[in-house]
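Below you'll find the structure, written out as structure tokens, and then a few comments.
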Amino acid sequence: MIPLLISLSLTLSGLYYFLVYRRLPTVSKWPPGPRGIPWIGRVWDLPRSHAYIRFQQWSKQYGDIYGITLFGSNHIFLASDKIAHELLSKRGALHQDRPAILQLEDSRNAPEYLPLLGHNAVWSRQRKLVTQIMTESIRTNHLDIPALELPQMLLELLSRPEEFQDHLENYSSRIIARLAYGDAQHYARVRIASQGLLEAISPAKYLSILVPPLRYLPKWLSPWKREETARHAEEREFFMRAQAGVAQEMRTGTAPWSFMKRCLESKSHTGMPDMECAYIVGMLGVAGVLTTSSAMMTYLLAMTLHPEWQVRVQEEVDRVCGNRMPIMSDSPQMPVLRAVIMEIMRWRPIVPAAIPHRTTEDDMYDGYFIPKGSHIHATTWAITRNPSQYPSPEVFDPDRWLQPSSPSYKAPLTEYPNIRNFTSFGYGRRVCIGQDLTQHEFFLAMGGMAWAMTVEKKRDGMGKEIEVPVHDYGTFVITKPEKFEFEVRPRTEKKVVMIEEWRREAK
Ligand code: HEM
């Protein structure tokens with residue numbers, strides 16, 4: 001079987017060379033980039049995890065736009081915010097499709113995972129409905145829900161900091177479960193579903209995503225196909241069960257506001273099947289867990305490594321809020337906290353390789369030909385390291401958002417820095433729909449942590465500081481810091497009592 005696949009690949013590589021390179025218009029050219037074997041490309045040069053670091057290295061060599069070929073697909077990589085806006089926002093109509101994720105059954109058409117759908121009628125109706133529900137959740141103050149879950153997360157962090165990943169993922173899961181289904185009871189299953197889908201779309205787990213010909217292997221030689229069938233069945237069972245619970249509460253008139261309630265109510269005019277409704281809401285849950293918790297983990301890492309910034313945020317919190325925790329309406333007076341949040345998103349992007357777009361018409365950019373069907377990667381890791389916009393990009397420096405001399409500074413400071421429309425949320429018509437919720441979660445959680453506790457390096461038995469790894473991040477397409485050791489101290493005992501009281505009230 002393997003020799004057959006190799007000879008098939010070589011034949012296709014010849015065919016590809018003939019069809020694609022002969023097709024390039026004479027006045028334009030394929031962007032520069034690492035060349036490999038025609039059709040196959042440079043697959044051996046692509047690591048299964050942390051590939052975004054290689055993408056950035058290539059951008060240094062080939063420029064802010066470069067191209068590679070992988071198993072017959074054209075991939076265009078962008079390392080500049082300006083070019084990404086030019087192509088994906090201004091000419092968004094040409095580049096709003098998605099490539100298929102081969103580990104999933106039919107990611108482009110099955111009415112399941114909104115962020116992975118192709119540009120088709122299913123995507124349009126789901127995006128419209130989700131946008132309406134998210135807008136309504138702001139208008140009806142449902143985005144204040146993170147505040148209700150905050151005291152529990154703070155108390156858990158104060159008592160068992162070594163389990164910080166669990167506390168923060170549970171915090172995000174409880175928020176999204178409340179929003180999705182009206183209460184937090186499903187949080188553990190939401191978290192499992194998020195992790196399951198994340199692994200299913202990550203080359204670090206499934207080589208078949210990076211090497212598409214592997215999908216033609218028979219089922220008995222493809223354990224990953226069996227794993228996907230099982231994951232999908234479990235996920236579907238959970239999404240349908242959670243939906244049935246809300247439907248039952250609606251019948252008895254006891255259902256609180258939730259994404260699911262709104263989705264089910266909308267069925268009278270959208271005519272959406274139950275299964276699709278279950279997936280729209282389930283997907284929102286999945287999208288909102290590992291993304292937001294990742295940045296909150298980076299907050300702990302950044303504050304452990306940079307105590308001077310923790311002091312600055314705490315001074316601002318104390319000055320603006322006095323003895324209470326920050327609330328969203330404090331935001332205009334808290335540029336330092338917002339700068340720290342921005343810098344966390346820039347310094348350690350949550351989806352560092354971004355989600356690729358797919359081009360539906362031939363296009364040209366700066367003399368380069370972008371053929372229909374190309375995958376466009378606005379690689380967040382490279383864009384947030386572009387030195388023209390972010391000098392000394394490896395340095396964690398929130399001042400780059402506060403000092404007028406910095407290229408990323410924007411006035412007025414009552415409004416900026418502001419994570420809305422930042423490169424981490426993508427571009428154009430596929431831009432992230434969860435930005436407002438993310439903004440609420442980050443401001444309250446990071447402001448709350450700064451108010452309640454001081455994090456610092458741990459010391460060993462000899463009193464020597466234990467070094468904290470700066471670069472150890474996970475291998476999946478949504479990354480998070482690996483476990484590291486640090487200490488947490490409550491800023492005052494009175495604050496701990498206040499948080500405990502608040503938790504009792506919030507229940
Ligand atoms: C820090 C947190 C988050 C980050 C970094 C993030 C990042 C992204 C990115 C990169 C995309 C693709 C954009 C593109 O293709 O150009 C996206 C799409 C999406 N995000 Fe987020 N996201 C976050 C939080 C959330 C939350 C909290 C939700 C909802 C609860 C959410 C829901 C979605 C949805 C539904 C899409 C699909 C949009 C579409 O394809 O039309 N995200 N997000």
Side-chain angles (χ1 to χ4, degrees), residues 28-35 42 45-46 50-70 74-99 342-359 361-371 374-397 400-401 403 405-410 416-432 435 477 479:
S28 60
K29 49 190 190 292
W30 174 243
R35 297 283 173 254
R42 280 270 282 268
D45 240 359
L46 273 183
H50 307 100
Y52 53 88
I53 295 174
R54 180 65 40 83
F55 299 151
Q56 187 216 357
Q57 286 163 352
W58 278 337
S59 73
K60 284 187 187 162
Q61 202 176 337
Y62 299 105
D64 287 346
I65 174 165
Y66 66 89
I68 64 173
T69 300
L70 271 181
N74 297 314
H75 294 255
I76 306 281
F77 289 84
L78 311 177
S80 133
D81 189 50
K82 182 171 164 287
I83 303 177
H85 268 299
E86 198 68 50
L87 282 176
L88 303 181
S89 305
K90 288 193 190 152
R91 302 186 208 169
L94 298 183
H95 307 287
Q96 57 181 323
D97 199 8
R98 291 270 195 237
M342 264 320 260
E343 186 63 354
I344 281 167
M345 289 192 77
R346 185 205 68 80
W347 185 59
R348 292 291 178 263
I350 298 154
V351 195
I355 306 182
H357 291 217
R358 183 172 173 276
T359 300
E361 300 289 336
D362 287 351
D363 196 8
M364 293 276 294
Y365 182 82
D366 206 15
Y368 296 128
F369 179 55
I370 302 176
S374 298
H375 303 196
I376 312 275
H377 306 257
T379 41
T380 316
W381 182 265
I383 293 175
T384 53
R385 264 143 197 82
N386 193 318
S388 65
Q389 207 173 352
Y390 306 110
S392 309
E394 285 311 325
V395 179
F396 177 84
D397 179 17
R400 68 177 81 243
W401 306 100
Q403 296 302 329
S405 56
S406 162
S408 46
Y409 172 83
K410 214 167 163 188
Y416 302 102
N418 185 328
I419 61 171
R420 246 194 165 285
N421 297 324
F422 186 49
T423 180
S424 295
F425 291 116
Y427 295 89
R429 298 176 191 200
R430 303 304 296 246
V431 76
C432 176
Q435 296 190 50
V477 293
T479 60

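Counting begins at 1 with the first residue of the sequence. Computed from heavy atoms alone, side chains included, the values below leave out hydrogens, waters and symmetry copies.
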Worksheet item: Does the side chain of Leu87 reach to within under 4.5 Å of the side chain of Tyr427, using non-hydrogen atoms?
Response: no

Worksheet item: Would a 4.5 Å heavy-atom cut-off, applied to side chains only, mark Ile355 and Arg430 as touching?
Response: no

Practice prompt. Could you check if a side-chain atom of Met364 sits within less than 4.5 angstrom of a side-chain atom of Phe369, using non-hydrogen atoms only?
Written response: yes

Item to complete: Check for a donor-acceptor pair, side chain of Tyr52 on one end and backbone N or O of Val351 on the other, with a separation under 3.5 Å.
Response: no

Item to complete: Could you tell me whether the side chain of Ser406 reaches within less than 4.5 Å of the side chain of Trp401, counting heavy atoms only?
Response: no

Item to complete: Any chance you could measure Leu88, atom CG, to Gln96, atom CD, to the nearest 0.5 Å?
Response: 10.5 Å

Worksheet item: Which value, rounded to the nearest 0.5 Å, describes the distance between Lys410 atom NZ and Asn418 atom CG?
Response: 8.5 Å

Worksheet item: So do the side chains of Ile376 and Ile370 get within less than 4.5 Å of each other, counting heavy atoms only?
Response: yes

Worksheet item: Should the pair His377 and His75 be assigned to parallel (<30°), tilted (30 to 60°) or perpendicular (>60°) ring geometry?
Response: parallel

Worksheet entry | For the student: nearest non-hydrogen atoms of Thr384 and Pro349, plus distance | OG1-CG, 3.6 Å

Worksheet item: What salt bridge (charged side-chain N to carboxylate O under 4.0 Å, His left out) pairs are there with at least one residue in residues 346-358, not counting sequence neighbours?
Response: Asp97-Arg358, Glu343-Arg346

Practice prompt. May I ask you to decide if Asn421's main-chain N or O and Gln435's side chain share a donor-acceptor pair within less than 3.5 Å?
Written response: yes

Practice prompt. For the pair His95 (side chain) and His357 (backbone), establish whether a donor and an acceptor sit closer than 3.5 Å, ignoring hydrogens and angles.
Written response: no

Item to complete: To the nearest 0.5 angstrom, please state how far the CD atom of Glu86 sits from the CZ atom of Arg91.
Response: 6.0 Å

Practice prompt. Please round to the nearest 0.5 Å and tell me the distance separating atom OG1 of Thr359 and atom CD1 of Ile76.
Written response: 7.5 Å

Contacts table for residues 390-397: side-chain donor-acceptor under 3.5 angstrom, sequence neighbours left out:
residue : atom : partner : partner atom : Å
Glu394  : OE2  : Arg385  : NE           : 2.9
Asp397  : OD1  : Asp399  : N            : 3.1

Item to complete: Output the distance between atom CG (Asn386) and atom CD1 (Ile383), rounded to the nearest 0.5 Å.
Response: 8.5 Å

Worksheet item: Could you give the distance from CZ (Phe77) to CG (Asp64), rounded to the nearest 0.5 Å?
Response: 14.0 Å

Worksheet item: Do the non-hydrogen side-chain atoms of Phe55 and Tyr66 ever get within less than 4.5 Å of each other?
Response: yes

Worksheet entry | Thr379 side-chain N/O to Leu78 backbone N/O, donor-acceptor pair under 3.5 Å | yes

May I have the list of side-chain donor-acceptor pairs in residues 56-63 shorter than 3.5 Å, sequence neighbours left out?
residue : atom : partner : partner atom : Å
Gln56   : OE1  : Trp381  : NE1          : 3.3
Gln57   : OE1  : Arg54   : NE           : 3.1
Ser59   : OG   : Gln56   : O            : 2.6

